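Computation of the quantities below employed the complete heavy-atom set of this structure, encompassing side-chain atoms and omitting hydrogens, waters and symmetry-equivalent molecules. Numbering starts at 1 and runs along the sequence shown. Since we're looking at a predicted model, the values are computed, not measured.
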Amino acid sequence: MTVRPRQFTVDQQYSLKVASGNLAKDFAGVFNTETIERFLHSSYDQFAARATIAQFLPLLAERFARQRLSALARIENKVDDGRPVVLFLCTHNAGRSQMALGFFQHLVGERAIA
């Protein structure tokens, strides 16, 4: 099986470059550029595999990469802002965890990470 290289449109290339710059500013001194771009592109690939509309993929990839990098920084003790971390899980794909997350974020704002 041959792996075909990714082919980005000009808009997607620009959006990913901007996203990479945004993440690099946010994680300066925590992660190097290669790590940030690897997380960004792997996040993009995860969404692109199932997407039918590619217009917002760079934005989704940036948000997902930011969440993944933030989690990695916390796990590796590179960042500690004192906020507690909460994880919501539900069974049967019923959407309860997403609802709990929404309520939680509304009630606590930036005082905790979910």
Side-chain angles (χ1 to χ4, degrees):
M1 179 170 112
T2 59
V3 177
R4 293 177 18 187
R6 287 184 229 134
Q7 298 203 359
F8 297 119
T9 66
V10 173
D11 291 343
Q12 289 170 326
Q13 289 175 11
Y14 177 76
S15 296
L16 288 170
K17 183 177 180 179
V18 169
S20 180
N22 292 340
L23 292 169
K25 280 191 286 186
D26 292 347
F27 292 98
V30 179
F31 296 113
N32 61 30
T33 304
E34 293 80 17
T35 301
I36 291 168
E37 288 185 359
R38 184 170 29 107
F39 272 70
L40 179 62
H41 286 276
S42 67
S43 296
Y44 183 94
D45 290 342
Q46 287 181 10
F47 288 113
R50 296 181 304 244
T52 56
I53 300 173
Q55 182 177 1
F56 298 106
L57 287 177
L59 176 62
L60 291 172
E62 179 182 355
R63 288 181 180 175
F64 190 48
R66 177 175 278 103
Q67 290 173 343
R68 293 172 63 205
L69 289 165
S70 295
L72 181 61
R74 283 177 140 324
I75 289 169
E76 293 183 348
N77 291 322
K78 293 183 177 185
V79 174
D80 184 15
D81 57 7
R83 295 185 294 172
V85 177
V86 179
L87 176 65
F88 295 97
L89 299 172
C90 70
T91 59
H92 302 102
N93 200 23
R96 291 183 294 263
S97 59
Q98 291 90 340
M99 291 175 59
L101 172 64
F103 288 130
F104 180 82
Q105 287 177 330
H106 176 73
L107 293 172
V108 302
E110 296 293 320
R111 295 185 311 254
I113 298 171

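- Nearest heavy-atom pair, Pro84 versus Arg111, reported as atom, atom and distance to 0.1 Å: CD-O, 3.6 Å.
- By the neighbour-count criterion of 12 heavy atoms within 6.0 Å, atom CZ of Arg83 is densely surrounded, having more than that number from other residues, nucleotides or ligands.
- The minimum heavy-atom distance between Ser43 and Ala61, with the atom names listed, is CB-O, 3.6 Å.
- By the 4.5 Å heavy-atom criterion applied to side chains, Met99 and Cys90 are not counted as neighbours.
- Between the CZ atom of Phe27 and the OG1 atom of Thr33 there is a distance of 13.0 Å, given to the nearest 0.5 Å.
- Residues Val18 and Glu62 have side chains not in contact (no heavy-atom distance under 4.5 Å, counting atoms from C-beta outward).
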Open item on the list: The test is side chain to side chain contact (heavy atoms under 4.5 Å, CB included); show your working for Leu23 and Glu37 and say whether it passes.
Closed with: CA-CA 9 Å; Leu23 292 169; Glu37 288 185 359; over 6 Å; no

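- Counted within 6.0 Å of CZ on Phe88, heavy atoms from surrounding residues, nucleotides or ligands total more than 12; the atom is thus considered enclosed.
- Remark: side-chain polar atoms of Ser70 are paired, donor with acceptor, to backbone N or O of Arg66 under 3.5 angstrom.
- For the pair Lys78 and Val30, the tightest heavy-atom approach, listed with the atom from each and the gap, is NZ-O, 3.4 Å.
- Other residues, nucleotides and ligands contribute at most 12 non-hydrogen atoms within 6.0 Å of the CZ atom of Phe103.
- Residues Leu69 and Asp26 fail the side-chain proximity criterion, which asks for heavy atoms closer than 4.5 Å.
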- [ ] Show your reasoning for whether salt bridge (charged side-chain N to carboxylate O under 4.0 Å, His left out) applies to Arg38 and Glu34.
- [x] CA-CA 6 Å; Arg38 184 170 29 107; Glu34 293 80 17; over 6 Å; no

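- Applying the 6.0 Å contact sphere to CD of Glu110 captures no more than 12 heavy atoms from other residues, nucleotides or ligands.
- Other residues, nucleotides and ligands place no more than 12 heavy atoms under 6.0 Å from the NZ atom of Lys17.
- The aromatic rings of Phe39 and Phe31 lie parallel to each other, with less than 30° between the two planes, well short of the 60° mark.
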TODO: Starting from the C-alpha separation in whole Å, work towards a yes-or-no answer on side chain to side chain donor-acceptor pair (under 3.5 Å) for Ser42 and Asp45.
DONE: CA-CA 5 Å; Ser42 67; Asp45 290 342; over 6 Å; no

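- Of all the heavy atoms in Pro58 and Ala54, the pair that sits closest is CD-O, 4.0 Å.
- Going from atom CG of Leu87 over to atom CG of Leu101 covers 9.5 Å, rounded to the nearest 0.5 Å.
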Open item on the list: side chain to side chain contact (heavy atoms under 4.5 Å, CB included), that's the test. Do Gln55 and Asp11 meet it? Break it down for me.
Closed with: CA-CA 9 Å; Gln55 182 177 1; Asp11 291 343; over 6 Å; no

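- To the nearest 0.5 Å, the span separating CG on Leu16 from CG on Leu57 amounts to 9.0 Å.
- Placement of Phe47 and Phe56 in two distinct hydrophobic clusters is found when ILVMFWY residues are connected by side-chain heavy-atom separations under 4.5 Å, directly or transitively.
- In this structure, the separation between CD1 on Ile36 and CZ on Arg68 is 12.5 Å, given to the nearest 0.5 Å.
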